[in-house]
Protein chains: 2
Amino acid sequence: MNFDPTKSLSGSGDQSATHRTYMMLRRMIVTGVIGPGEKLKIEGLRKRLETGASPIREALSLLTSDNLVERIDQRGFRASPISRENFEEILGLRCALEDMALRQSIAKRNQAWEERVVLSHHHMTRGQGSGDEAFEDLHKAFHMTLLELCEGPILRKFCSQLYDLNIRYRYLAGQSDQYKRRDVSSEHRDIMDAAISGDADLASDHLLSHYRKTGAFLADLFDGTEFS
Amino acid sequence: MNFDPTKSLSGSGDQSATHRTYMMLRRMIVTGVIGPGEKLKIEGLRKRLETGASPIREALSLLTSDNLVERIDQRGFRASPISRENFEEILGLRCALEDMALRQSIAKRNQAWEERVVLSHHHMTRGQGSGDEAFEDLHKAFHMTLLELCEGPILRKFCSQLYDLNIRYRYLAGQSDQYKRRDVSSEHRDIMDAAISGDADLASDHLLSHYRKTGAFLADLFDGTEFS
DNA sequence: TGAGGCAAGAATATCGATATTTCACCCAAT
DNA sequence: ATTGGGTGAAATATCGATATTCTTGCCTCA
């Protein structure tokens, strides 16, 4: 007795409701549509996302391990709170792990990889005209491509998680625009050029300084007004 | 932090069924009761663990992010497979992250921490007579106590995850016994002494050599007989 | 004989409903 | 006035049932 019109989207395979829900919730939390510390009520989300309770609970469980959602036993879920300490830990870990991953990746570089790096950089440059979210996707793709050849999937996963956590702070600060306009292009180009030429030390320097610059920029906001 | 699985712990209420299920499944996978790559059928687990399908699905989702379980969209869950590459990545990452965490921890050391380290070491030494699982819990507690003061919870969580993944290989190799009997006591003592005296370099050396020794030992097993 | 496809069976994903638990508020008693 | 207890409302955790999807084995047709 159950017709779901969204389910019959021409032959091309749907993903599971859980996966859809996971992606939507993640985006909502990262972009700040759902604020830090906000209570995530099943019933509310059920209506908002037009799905049942089970997919939502599962998606939230998944997000828990991404450190985007906290589970309070017997008391539901809430979006992870933010804090200066949290931000600083993310930045520090990110620098350490991406440094490691980038060096491994460069060590194993080959032509196909170099081409993918150039391409993703190009796409990102092009995407500066698009909306914030579209640009951020391309931006992430570029950074992840740089790490693509690193030793293993676990490290890549950690980096990806930390990336999302970091981006979240940028969205919350509402500075995504400003960031895009900052002269970040040259920083990206420096990283890319060094990586492709195989100079791991230089590439890592550029990468970390890129992160720390953005980091210092955001850290100031904590001293400013908001941020409970 | 895990007490007796029977629910009636005086006064303090039960944990949720999801949490119980999570702990049980995790233990079963880590200790090899559930083998690598094994299909995890909801219905089977439902009967085996005497609970409903929802808690099991949620527990499996949680385990997915610990890299102990893989989710195959629309095709259920399976215990993560093992491989030499996977093992080596775990070992390498573990060395890198625990090195970092241990140094941070030592840098912030204080008397209360030193006492906890000594105590957990003592408990571990004592526990060598107990069963494998009991000893492994104490062993983990000791190592995690060493990292207790590190900068943040994310790093600790990563270390804890990697620890479990590593231990799993030891169980799968069926060498937990042998490990216990190896002269691991002196290695632990060296680590502890260096940590407490504040010599981060020395402590880290001891810790990493401790891991690598065990690592080399296990790696040989891959060349030996089994391991699908 | 082999490839392709259909059908039955099994397993998953999801829904709706219910039993517990928690939370917020009010009232009484000191 | 403040604390303690109790009550009702809201939300969660869990269960049982159903719709969907995948798998496997068999049968037909070239």
Side-chain angles (χ1 to χ4, degrees), chain A residues 1-26 29 34-35 37-65 68-81, chain B residues 5-26 28-29 34-35 37-65 68-80:
Chain A
M1 267 329 223
N2 220 357
F3 255 149
D4 189 349
T6 64
K7 275 214 163 165
S8 50
L9 250 172
S10 80
S12 92
D14 303 302
Q15 296 161 321
S16 61
T18 297
H19 191 252
R20 272 200 313 275
T21 308
Y22 169 76
M23 295 305 259
M24 283 181 160
L25 281 175
R26 185 165 93 158
I29 293 172
I34 294 175
E38 190 172 319
K39 187 80 195 298
L40 297 165
K41 297 183 204 174
I42 308 287
E43 188 58 20
L45 295 175
R46 212 188 61 65
K47 281 185 295 190
R48 198 163 171 184
L49 301 184
E50 296 178 332
T51 182
S54 310
I56 290 183
R57 287 187 72 74
E58 262 187 73
L60 288 172
S61 292
L62 256 9
L63 287 165
T64 291
S65 354
L68 283 170
V69 164
E70 278 183 2
R71 168 187 213 113
I72 316 165
D73 206 74
Q74 225 77 8
R75 227 168 299 181
F77 303 85
R78 75 175 54 193
S80 293
Chain B
T6 55
K7 359 168 123 188
S8 53
L9 241 178
S10 69
S12 84
D14 305 308
Q15 299 166 317
S16 62
T18 296
H19 191 252
R20 273 201 313 274
T21 307
Y22 169 75
M23 295 306 256
M24 283 181 163
L25 281 175
R26 185 164 93 157
M28 285 163 78
I29 293 173
I34 294 175
E38 189 171 321
K39 187 81 196 301
L40 297 164
K41 297 183 203 175
I42 309 286
E43 189 58 21
L45 296 174
R46 212 188 61 66
K47 281 185 294 192
R48 197 163 173 186
L49 301 184
E50 297 178 333
T51 182
S54 311
I56 291 183
R57 286 187 73 72
E58 259 185 78
L60 289 172
S61 292
L62 256 9
L63 286 165
T64 291
S65 356
L68 283 169
V69 164
E70 278 183 3
R71 167 188 214 113
I72 316 164
D73 206 73
Q74 228 75 6
R75 228 166 298 181
F77 303 85
R78 75 174 55 190
S80 293

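Each chain gets a letter, A, B and so on, in the order its sequence line appears, and its residues count up from 1.
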Exercise. Between atom NE2 in B:H19 and atom C1' in D:dT12, what is the gap in whole Å?
Worked result: 17 Å
Seminar exercise, completed: Closest heavy-atom pair, B:T51 versus B:I56, reported as atoms and distance to 0.1 Å, is CG2-CG1, 3.8 Å
For this session: Quickly work out the B:E58 CD to C:dA13 P distance and round it to whole Å.
Result: 14 Å
Exercise. Looking at the side chain of A:Q74, which of C:dT21, D:dC15, D:dT12 is the nearest nucleotide?
Worked result: C:dT21
Exercise. Distance check: side-chain N/O of B:T51 vs OP1/OP2 of D:dC15, anything under 4.0 Å?
Worked result: yes
Exercise. Can you name the closest pair of heavy atoms from B:T18 and B:A59 and give their distance?
Worked result: O-CB, 4.1 Å
Exercise. If you look at every strand shown and take non-hydrogen atoms under 4.0 Å, does B:L40 touch a base, only sugar-phosphate, or nothing?
Worked result: sugar-phosphate
Seminar exercise, completed: Letter by letter from the 5' end, nucleotides 5-11 of chain C scores (B base, S sugar-phosphate only, - none; protein heavy atoms under 4.0 Å) ------S
Problem set entry | Interatomic distance, A:I72 CD1 vs C:dC23 P [rounded to whole Å] | 9 Å
For this session: Look at A:T18 and C:dA13 and indicate whether a side-chain polar atom (N or O) is within less than 4.0 Å of OP1 or OP2.
Result: no
Exercise. Picking from D:dT14, C:dA13, D:dA13, which would you name as closest to the side chain of A:F77?
Worked result: D:dA13
Exercise. Do B:L25 and B:L49 touch side chain to side chain, with heavy atoms closer than 4.5 Å?
Worked result: yes
Exercise. Given atom CZ of B:R57 and atom C1' of D:dA13, what is their separation to the nearest angstrom?
Worked result: 16 Å
Problem set entry | Residue list, side-chain hydrogen bond (donor to acceptor under 3.5 Å, both in side chains) with A:R26, at least two apart or on another chain | A:D164
Exercise. Given atom OH of B:Y22 and atom P of D:dA13, what is their separation to the nearest angstrom?
Worked result: 16 Å
For this session: Could you check B:E58 against B:Y22 for side-chain contact (heavy atoms from CB on, under 4.5 Å), going step by step and ending with a plain yes or no?
Result: CA-CA 8 Å; B:E58 259 185 78; B:Y22 169 75; over 6 Å; no
Exercise. Are any of the side-chain heavy atoms of A:E70 and A:P81 separated by less than 4.5 Å?
Worked result: yes
Exercise. Once you round it to whole Å, what is the distance between P of D:dC15 and CZ of B:R46?
Worked result: 8 Å
Problem set entry | Closest approach of A:G35 to A:A79 (non-hydrogen atoms, all atoms of both residues) | O-CB, 3.4 Å
For this session: Mind calculating the distance between CD1 (A:I56) and P (C:dG16) to the nearest angstrom?
Result: 12 Å
Exercise. Could you give the CG-to-C1' distance, from A:L45 to D:dA11, as a whole number of Å?
Worked result: 12 Å
Exercise. Of the candidate nucleotides D:dT23, C:dT14, D:dC15, which contains the atom at the shortest distance from the side chain of B:R75?
Worked result: D:dT23
